[in-house]
Amino acid sequence: MFELFHPQARGGNVFAKKPNRWDLALLPLVLAILLALAFGASQMARPFAMGEALEISLDPSYLPYYLLRTILRMFIALGFSLLFSFVFAAIAAKYRTAEKAMIPILDILQSVPILGFQAIAIAPFIALFPGSLLGVECAAIFAIFTSQAWNMAFSLYQSIRTVPEELKEAARIFRLSGWQRFWRLELPFAMPGLLWNMMMSMSGGWFFLVAAEAISVANQDIKLPGIGSYIAVAIEAENGKAIAWAIGAMLAGILLYDQLFFRPLLAWADKFRFEESQGETAQQSWLLDWMHRSRWMSALSGQFWSLLRGALGWFSVRHDGTAVEARPRVQNPLWPRIWDGVLLLIALLAVYRLVVFVHSDVGWGEAGHVVVLGCITLLRVMLLIALASVVWVPVAVWIGLRPQYSQRVQAVAQFLAAFPVNLMFPLVVFVLVTLRLNPNIWLSPLMVFGTQWYILFNVVAGAATIPNELRLAADNLGVKGWLKWKRIYLPAVFPSYLTGAITASGGSWNASIVAEYVTWGKTTLVADGLGSYIKQMTDAGDFHRIALGIGVMCIFVMFLNRFFWRKLYLLAEDGSR
């Protein structure tokens with residue numbers, strides 16, 4: 001059931017077979033994609049010297065080129081995010097000792113604003129590729145990576161931790177090694193949720209695209225060719241028509257990679273659902289159907305899966321279940337205590353450095369003021385996450401239980417999740433200024449505008465994996481209404497909801513930098529909060545107060561995750577056993 005590789009895949013010479021009509025239909029599409037990728041990659045590595053101006057034109061005819069550059073960056077970042085998720089989630093989920101350090105580190109990474117990562121990464125990447133635009137491109141890709149990786153890692157970690165015990169027992173009976181268990185059981189089990197989070201990660205990349213592509217280094221503004229830079233220039237010029245063109249280009253790009261990438265993956269991953277057959281409710285993809293009918297693609301995929309099947313033999317268990325090597329090793333209880341002591345010392349050192357920094361560089365009054373601003377932003381985040389949960393959990397469950405509808409709303413949801421909040425600034429500024437509304441209240445929804453979709457996507461993925469037999473049993477027993485939600489739907493999607501809520505919470509803290517400080521032309525609206533404080537200090541170039549704001553944000557997110565979300569995670573794990 002949870003076999004990652006297609007059981008009927010066979011190798012062979014790819015081009016030994018005569019092409020059929022599906023090969024001829026796919027050939028222009030494949031060649032067009034390869035040519036576009038080659039052209040975009042060549043442009044990313046062209047010569048570049050610091051001080052050289054990179055002009056961004058608002059002419060709509062440049063948008064296809066900008067769209068290509070942006071999508072190429074986002075998919076490169078997505079590939080690195082996927083690799084990071086595999087390594088991080090597997091280690092954190094399987095080794096409790098490592099988990100004690102890795103999950104807090106992930107909390108910190110999730111809470112650091114993209115501006116913080118960008119400030120650290122720009123200079124090293126540029127120094128690594130002198131005289132080439134590739135250094136700036138790598139800095140932009142790294143910034144996009146930081147907006148994609150964390151929720152994917154959380155999703156995979158949560159899925160591995162909640163694999164049903166009967167499946168783990170089956171893996172032990174078949175004597176699967178840790179390597180084989182990951183590829184044959186844990187990754188297939190996590191695949192539906194991971195794919196939806198990959199879509200959300202792509203959308204998250206769009207959300208922070210302006211910050212990623214419009215880079216400031218050495219008192220120079222570098223705007224890489226891309227949709228994010230196009231939007232930044234349009235906002236500076238107060239050009240509403242250009243913003244409308246940018247929205248159209250975004251929609252075209254999302255529809256394109258939804259049809260050519262995510263829709264085929266979702267249809268392929270439908271085999272990993274619990275039901276034996278999905279019938280008419282299965283995901284459909286015209287491209288996947290074409291690939292199945294293509295002789296060349298079938299032979300090529302057969303060779304690919306054959307190679308991967310061979311890789312499953314790596315690190316296999318060489319003994320049976322009765323051998324001495326199969327017996328679990330008794331761990332010395334002293335080592336976990338030593339590790340806990342090391343973590344405690346690191347935490348105390350961090351607290352000491354923080355106290356020294358506050359005392360000598362910013363002052364306790366300023367620190368207290370920032371903590372109060374953090375409490376204001378915390379109140380906004382928790383209130384908005386609660387409201388988004390009430391709205392989107394029922395909608396997501398309804399969509400997830402009806403895959404035929406999820407296909408229809410999939411691209412729309414991706415577009416709404418990808419819609420940069422910056423594009424709403426003209427409307428927000430006009431409405432708030434005209435109606436004289438309080439920015440402290442009415443700027444708040446912008447924080448959750450791009451992050452509420454984490455909840456929608458994760459709950460849709462969780463609801464899609466509810467066994468059809470369980471739903472039929474509930475119908476036969478006459479379980480309806482609130483009782484059905486309480487006993488079946490909500491417990492089933494609870495782990496997925498937590499992953500979405502945690503990433504939505506972390507994303508909302510990051511989004512506060514954009515949402516609490518809104519600028520359109522010469523008009524600026526400011527709401528009290530930690531995000532607006534970091535933004536104002538960034539504009540002023542006050543490094544010490546930027547560090548203070550980011551540090552306080554990390555502390556808030558860590559404590560929130562540790563003492564609130566973590567408790568709910570443990571509850572979800574107990575419920576899955």
Side-chain angles (χ1 to χ4, degrees), residues 4-46 62-83 137 141 144 148 191 194-195 198-199 201-202 205-206 225-227 249-271 282-311 407 410-411 414-415 418:
L4 179 59
F5 306 123
H6 199 289
Q8 298 178 347
R10 297 190 180 100
N13 189 350
V14 175
F15 300 107
K17 300 178 180 180
K18 184 178 179 180
N20 57 18
R21 58 175 178 169
W22 302 106
D23 293 305
L24 299 178
L26 284 172
L27 186 60
L29 177 62
V30 173
L31 291 177
I33 293 175
L34 292 177
L35 287 174
L37 293 178
F39 175 71
S42 66
Q43 293 298 305
M44 292 174 68
R46 75 175 185 81
Y62 286 88
L63 280 173
Y65 171 65
Y66 293 159
L67 182 63
L68 171 65
R69 296 286 295 272
T70 291
I71 291 180
L72 187 57
R73 292 186 194 108
M74 294 176 71
F75 270 99
I76 293 174
L78 187 68
F80 282 107
S81 299
L82 193 61
L83 180 62
E137 290 282 358
I141 291 170
I144 297 172
Q148 294 180 342
M191 187 61 70
L194 182 60
L195 283 178
M198 286 172 62
M199 288 191 291
S201 291
M202 285 292 288
W206 285 104
I227 300 296
M250 282 179 52
L251 179 59
I254 292 170
L255 289 173
L256 190 64
Y257 66 67
D258 174 68
Q259 292 295 318
L260 299 182
F261 185 74
F262 285 119
R263 189 64 61 87
L265 279 180
L266 282 174
W268 168 76
D270 213 49
K271 71 173 80 173
Q283 291 274 353
Q284 300 294 326
S285 168
W286 61 269
L287 181 59
L288 189 63
D289 292 338
W290 284 18
M291 293 172 67
H292 284 161
R293 295 166 183 169
S294 165
R295 292 174 182 170
W296 284 356
M297 291 302 298
S298 296
L300 186 63
S301 64
Q303 288 188 351
F304 175 74
W305 294 122
S306 179
L307 291 173
L308 287 184
R309 278 201 308 275
Q407 295 184 79
Q410 181 176 314
Q414 287 185 77
F415 176 71

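Residues take their numbers from the sequence shown, with the count starting at 1.
- For Phe75, the ring pair (Phe, Tyr, Trp, His ring centres under 6.0 Å) criterion is met by Tyr257, Phe261, not counting sequence neighbours.
- Looking at residues two or more places apart in sequence or on another chain, you find a salt bridge (charged side-chain N to carboxylate O under 4.0 Å, His left out) between Arg46 and Glu52.
- For the salt bridge (charged side-chain N to carboxylate O under 4.0 Å, His left out) condition, no pair includes a residue of residues 28-43, sequence neighbours left out.
- Nearest approach of Pro264 to Leu287, heavy atoms of both residues: CG-CD2, 3.9 Å.
- Residues Leu78 and Met198 meet the side-chain proximity criterion, which asks for heavy atoms closer than 4.5 Å.
- Counting only heavy atoms from C-beta outward, the side chains of Met199 and Leu266 approach each other to under 4.5 Å.
- With Thr70 contributing its side chain and Leu67 its backbone, the two residues share no donor-acceptor pair below 3.5 Å.
- Of all the heavy atoms in Leu288 and Trp268, the pair that sits closest is CD2-N, 3.7 Å.
- The closest side-chain heavy-atom distance from Leu82 to Leu194 is below 4.5 Å.
- Nearest heavy-atom pair, Met44 versus Ile141, reported as atom, atom and distance to 0.1 Å: CE-CD1, 3.7 Å.
- Under the rule for a ring pair (Phe, Tyr, Trp, His ring centres under 6.0 Å), the partners of Trp290 that lie at least two apart in sequence or sit in another chain are Trp22, Trp286.
- Pairs of residues two or more places apart, or lying in two chains, that qualify as salt bridge (charged side-chain N to carboxylate O under 4.0 Å, His left out) and include a residue from residues 73-82 are Arg73-Glu137, Arg73-Glu213.
- Of the possible polar contacts, none joining the Ser285 side chain to the Ala267 backbone as a donor-acceptor pair under 3.5 Å is found.
- A pairwise comparison of heavy atoms in Leu265 and Leu195 identifies O-CD1, 3.5 Å as the closest pair.
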Scan the side chains in residues 23-31 for donor-acceptor partners under 3.5 Å anywhere in the protein, sequence neighbours excluded, and list what turns up.
from  : atom 1 : to     : atom 2 : distance (Å)
Asp23 : OD1    : Ser294 : OG     : 2.2
Asp23 : OD1    : Arg295 : N      : 3.4
Asp23 : OD1    : Trp296 : N      : 3.0
Asp23 : OD2    : Asn20  : N      : 2.9
Asp23 : OD2    : Arg295 : N      : 3.3

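- Using a 4.5 Å heavy-atom cutoff, the side chains of Met74 and Ile227 are not in contact.
- Taken from CE in Met202 to CZ in Phe262, the straight-line distance is 5.0 Å, to the nearest 0.5 Å.
- The minimum heavy-atom distance between Gly40 and Arg69, with the atom names listed, is O-CD, 4.2 Å.
- Between atom CG of residue Leu260 and atom CG of residue Leu255 there is a gap of 10.5 Å, rounded to the nearest 0.5 Å.
- The two residues Ile144 and Ala77 have their closest heavy-atom pair at CG2-CB, 3.8 Å.
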